[in-house]
Amino acid sequence: MNYIDLRVFKVLRAADDITTHPGWKRFQEYTRRVRKITLEALIDYAVPRMSVWPQVLQSTHGEPILPHLRHACLSSSNSLIQPPLTVISEELSLLTQSVSQLDVDIGDTSGIDIADDVYGRLFTSIIARSPNIECLTMSCSARWLPGTAYDFPFQRLRSLRINRPDIDITALLPLAHAPCLETLSFSIVNWDFPEDVELILSHLRTLTISGPWDKVQAFITRTQLPNLHTLSTHTLQYDPTDIIPDATSTLLAITTHLPHLVALHITCHPRGWALRHLGSPDPVPIPGGTLATFLEPLLTLRDLHTFSFRFSGYRFSYSSQDLFNIADAWPGIQDLRLAFHASSVPDEGDDGDSETGEDDSANSGGRPGFEALAYLAHGCSDLRALHLPVMELRAGALEGAEVEGALADAGPGGGHQALRELEMERVVFVGGDPDALSAEMTRFVRRVFPRVYPRVYEEEAAVPPVVVLDEDTGGWSRLV
């Protein structure tokens, strides 16, 4: 951008009216095609620069230089000399009312000292030129979010993402006056919710919040979110041994204050777990108890149609009863994804992974039986995507009367017509001939979920929906 500035500057000095230059029409044709641009919003006052864009704008009699600009990215100076940045770049004159998406990537992460009033003047300049922002991403301090507790300038803002974790809850108060705000994403680490502060986000529909369980809980309990339908939480667990009380308290707060959620995504991993096992082929998951403990407070969310539960680094015991409870509580579920290390799955070099160290493969309480899929098919007719951890298939389990009864009215021919995506970490065979169990499982899945297979077989590169581990031999095979 600076190189272009200098070239155009020479043209301006040679001509009183830039519109008479032979290349003007070609320049206009080019600028009409520009949809996205990156600009230096703040510059180093110790390094003077010549920007010609204000003069060009004057020559166009106020008509925008980039009339169809949609997306602007604002950054700070990359100069090696970094005194306080106090100068708003004249390149901002390229912003227009057509800009609907704005990324502001300015902050102290690069070591730049920014004067206290700079953000205010910067956003004042942005608002004057581009008041119709609909999507705003801030990679800078959230305390400089424009507006006051009684006013917010971007009246068309629909989506706000704040990437810096130093957010103060009071910085979000202007959002109460954002009439179109539907999506909000931010991180919290160390802030308290003042007793005299009340935040109302009446129009918010989708919220993504990252931080400790207690901070997430405080925000949910102290903020009015009457129209929220999608919640995503991302938590770093500092003390892995406190996962049950920390998480269940927050999950209970979610169901109490947000009873009409239709989509819920819970993600958690222990602090430093990935780094602690860096380079280790077999990281040892941390015991997390039973899945039922975490599901119990959530089963009252009767409107739920999307649910994901991702606890990397933790090992949970789960059973067929958990899947039965899901089917009973969420009959309208469409997308169900559970991701964690399941108990009772022997790892390489380990005879068993129970907490006692004994082989507990005969204990079906640690992982659900494959036949539980029939109950899901019966109870969740709208289910489209199903991702599960390890399951087990025992000899004779698919021949029971309960399975046949569950399939009786599951759909035409007893098949589930909605499911398109079926993935499991693995299926463990217990007892019986592995080849016979594999064939039996294949027939069962084709019967219960007939619409999963055509897509898999038509795409040669598609990942098979079920990967099988024979518990006796340790061998892997595909469900074909």
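The shown structure was predicted, so the numbers you read here are calculated from the model rather than taken from an experiment.
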**Complete:** Value for NE2 (H387) from CD (E423), rounded to nearest 0.5 Å, stands at 4.0 Å
**Message:** Which label fits W330 and F307: parallel for a plane angle under 30°, tilted from 30 to 60°, or perpendicular past 60°?
**Reply:** tilted
**Prompt:** Does atom CZ of R156 have more than 12 heavy-atom neighbours, drawn from other residues, nucleotides or ligands, at distances under 6.0 Å?
**Reply:** no
**Message:** Would you say that L393 contacts F444 through its side chain, given a criterion of any heavy-atom pair below 4.5 Å between the two side chains?
**Reply:** no
**Message:** Check this for me: H68, atom NE2, are more than 12 non-hydrogen atoms of other residues, nucleotides or ligands nearer than 6.0 Å?
**Reply:** yes
**Asked** Does one side chain, of N227 or H260, offer a donor that lies under 3.5 Å from an acceptor on the other?
**Response** no
**Asked** Should L231 and T208 count as side-chain neighbours, where that means a heavy-atom distance under 4.5 Å?
**Response** no
**Prompt:** Would R384 and D382 pass as an ion pair if we require N to O under 4.0 Å?
**Reply:** no
**Prompt:** For D328, which residues count as a side chain to side chain contact (heavy atoms under 4.5 Å, CB included) partner, sequence neighbours excluded?
**Reply:** Y375
**Prompt:** Do I209 and I220 have side chains that get closer than 4.5 Å, going by heavy atoms?
**Reply:** no
**Request:** Working to the nearest 0.5 Å, report the span between CG of L181 and CZ of F152.
**Result:** 7.5 Å
**Message:** Please evaluate residues L175 and L184 with respect to the criterion side-chain contact (heavy atoms from CB on, under 4.5 Å), reporting the C-alpha separation (whole Å), side-chain torsions for both, the decisive distance (0.1 Å), and the verdict.
**Reply:** CA-CA 10 Å; L175 299 180; L184 174 62; 4.1 Å; yes
**Sub-4.5 Å side-chain heavy-atom contact between N163 and F186** = no
**Asked** Roughly how far, to the nearest 0.5 Å, is the OG atom of S317 from the CZ atom of F340?
**Response** 8.5 Å
**Prompt:** Does the side chain of T233 come under 3.5 Å of the side chain of T235 through a donor N or O and an acceptor N or O?
**Reply:** no
**Item:** Minimum side-chain heavy-atom gap S98-R70 below 4.5 Å
**Value:** yes
**Message:** If you define the side chain from C-beta out and look only at heavy atoms, does anything of N325 sit under 4.5 Å from L299?
**Reply:** yes
Show me the donor-acceptor pairs, under 3.5 Å and distance only, between side chains in residues 289-296 and residues at least two apart or in other chains.
unit_1: T290; atom_1: OG1; unit_2: T293; atom_2: N; d: 3.4
unit_1: T290; atom_1: OG1; unit_2: T293; atom_2: OG1; d: 2.8

**Asked** Rounded to the nearest 0.5 Å, what separation is found between the CZ atom of R129 and the CG atom of L95?
**Response** 7.0 Å
**Message:** Under a 4.0 Å threshold between the charged nitrogen and the carboxylate oxygen, would R337 count as salt-bridged to E421?
**Reply:** yes
**Asked** E182 and T206: side-chain donor and acceptor closer than 3.5 Å?
**Response** no
**Message:** With a 4.5 Å cut-off on side-chain heavy atoms, are L102 and L74 touching?
**Reply:** yes
**Prompt:** Are F154 and N132 close enough, and set up right, to give a side-chain contact (heavy atoms from CB on, under 4.5 Å), and what steps lead you there?
**Reply:** CA-CA 7 Å; F154 294 123; N132 301 320; over 6 Å; no
**Asked** About how many Å separate CD1 of I133 and OG of S100, when rounded to the nearest 0.5 Å?
**Response** 7.0 Å
**Prompt:** Would a distance-only check, ignoring hydrogens and angles, find a side-chain to backbone donor-acceptor pair under 3.5 Å from E371 to R394?
**Reply:** no
**Message:** Could you report the tightest heavy-atom contact between A178 and H203, atom names first, then the distance?
**Reply:** O-CD2, 4.2 Å
**Aromatic ring pairing F311/F309, orientation class (parallel under 30°, perpendicular over 60°, tilted between)** = parallel
**Item:** Pair D246-D214, side-chain contact (heavy atoms from CB on, under 4.5 Å): steps then yes or no
**Value:** CA-CA 7 Å; D246 290 351; D214 61 331; over 6 Å; no
**Message:** Checking side-chain polar atoms at under 3.5 Å, does S308 have a donor or acceptor matched by the opposite partner on H265?
**Reply:** yes
**Request:** Give a yes or no on this: more than 12 heavy atoms of other residues, nucleotides or ligands lie within 6.0 Å of atom CD of Q97.
**Result:** no
**Message:** More than 12 heavy atoms of other residues, nucleotides or ligands under 6.0 Å from CZ of R222: yes or no?
**Reply:** yes
**Request:** Supply the atom-to-atom distance L388 CG to L422 CG, rounded to the nearest 0.5 angstrom.
**Result:** 7.5 Å
**Request:** Without swapping roles, check the side chain of Y314 against the backbone of I243 for a donor-acceptor pair under 3.5 Å.
**Result:** no
**Item:** salt_bridge(E134, R158) N-O dist < 4.0 Å
**Value:** yes
**From CA spacing to verdict: side-chain contact (heavy atoms from CB on, under 4.5 Å), I266, L251** = CA-CA 9 Å; I266 307 294; L251 297 180; 3.9 Å; yes
**Prompt:** Taking C-beta and beyond as the side chain, do E392 and P368 meet within less than 4.5 Å on heavy atoms?
**Reply:** no
**Message:** Check whether S130 reaches the backbone of I127 with its side chain - one donor and one acceptor, N or O, closer than 3.5 Å.
**Reply:** no
